[in-house]
Amino acid sequence: MTDRHGSFKTEIVPINVAGRHYSIERVAEIDSLLDKITPEQFLEDERLPYWAQLWASSIALAEYILRNKITADSFIELGSGLGLVSLAAAESFPSVACTDYESSALEFAERNVARNCSKSGGVRYELLDWRIPPAIGMFDVVAAADVLYEKRNIDPVLQFLVTHTKEFALIADPHRTTADRFFEMAEKHFEIELEEIDVTLDDVKTGVRICRLTPRRR
C-alpha cells in the first residue's frame, strides 16, 4: 500500500511486535529525501534522513517494552523516527513524550501512533536536540533506539540520561562499535543489564542488545 506525503512516496509496513499487529508508515524511496538535502544543510549538521526508515533496534525495543509490560508515570523517547517505540510505550504509560530532531519524523510518528493505538491521547510530540535540551525535568523512563551510530552522540546522550532519568533508561543498539564506548562510560553512573533480541526486518536478521540502565544511588 502506498500513498503520498508531500512530494515523496510512502508505504505501510505490517509488523508483529509482542503479538500485536501494527501498520507502520515509512518513506518508500529514501533517495527522494536525500535529494532534498542541500550541501549547506549537510555541512551544517551532516543531516541525513535516518528518521525515515524502520530500524531493527526500534522493533526490538518496542518488543522489550511490551513483552515485559513496562510502565511508570512518565516516558520520553529520544530520536523517535517513525514512532514505534513511543507507540509501544503509549500502550501502558499515561504520559509519553515522543521527541526527534526532525519535524518530519514527528509528523510520521504522530500518524503511526494514531493509526495503531487507542491511547494516543497520552502522547505529545516535541522537537528536541539532545545536545542542548531544554529544561524539561526528569522522566521515569528514558528510551532510545539506535542513536549511538556516531561517536559525537556518545557524550550528549549519556549526559541526557544522567540528567533526566529517574527510574531507568532503555537503549537499543545493533552492536555498533561506537556504542561499546558509551556502555563503558555509562557504568560510572548506572547499573547495567543486557538482553539480546533478534529481529528480522525486510528479510534481514539483526541481533539487537537492549541495555537497561538504572542510576547508581549515592
Subject >> R176 to F182, cation-pi by 6.0 Å centre distance and 45° axis angle >> reply: no
Is it the case that the side chain of [X] and the backbone of [Y] share a donor-acceptor pair, with hydrogens and angles ignored and the cut-off at 3.5 Å?
{"X": "N68", "Y": "I70", "result": "no"}
{"X": "S80", "Y": "T99", "result": "yes"}
{"X": "T178", "Y": "K151", "result": "no"}
{"X": "E77", "Y": "A144", "result": "no"}
{"X": "N112", "Y": "E25", "result": "yes"}
{"X": "S95", "Y": "D73", "result": "no"}
{"X": "N153", "Y": "V147", "result": "yes"}

**OP:** Evaluate the salt bridge (Lys or Arg N to Asp or Glu O under 4.0 Å) criterion for residues R124 and E126: first the C-alpha distance (whole Å), next the side-chain angles of each, then the deciding distance (0.1 Å), finally the verdict.
**Re:** CA-CA 7 Å; R124 63 184 187 275; E126 301 178 2; 2.7 Å; yes
Does any non-hydrogen side-chain atom of [Y] lie less than 4.5 Å from one of [X]?
{"X": "F183", "Y": "R209", "result": "yes"}
{"X": "V113", "Y": "C98", "result": "no"}
{"X": "E191", "Y": "R216", "result": "yes"}
{"X": "I76", "Y": "I136", "result": "yes"}
{"X": "P14", "Y": "Y22", "result": "no"}
{"X": "S23", "Y": "R115", "result": "yes"}
{"X": "I15", "Y": "L84", "result": "yes"}

**OP:** Verify the distance criterion only: is there a donor paired with an acceptor across the side chains of Q159 and T163 at less than 3.5 Å?
**Re:** yes
**OP:** For E91 and K69, run salt bridge (Lys or Arg N to Asp or Glu O under 4.0 Å): C-alpha distance rounded to whole Å, both residues' side-chain angles, the deciding distance at 0.1 Å, then the answer.
**Re:** CA-CA 9 Å; E91 301 278 8; K69 299 180 180 179; over 6 Å; no
Subject >> Residue of the set V142, L161, V141 for which side chain to side chain contact (heavy atoms under 4.5 Å, CB included) holds with F168 >> reply: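 Exactly one pass, corresponding to V141.
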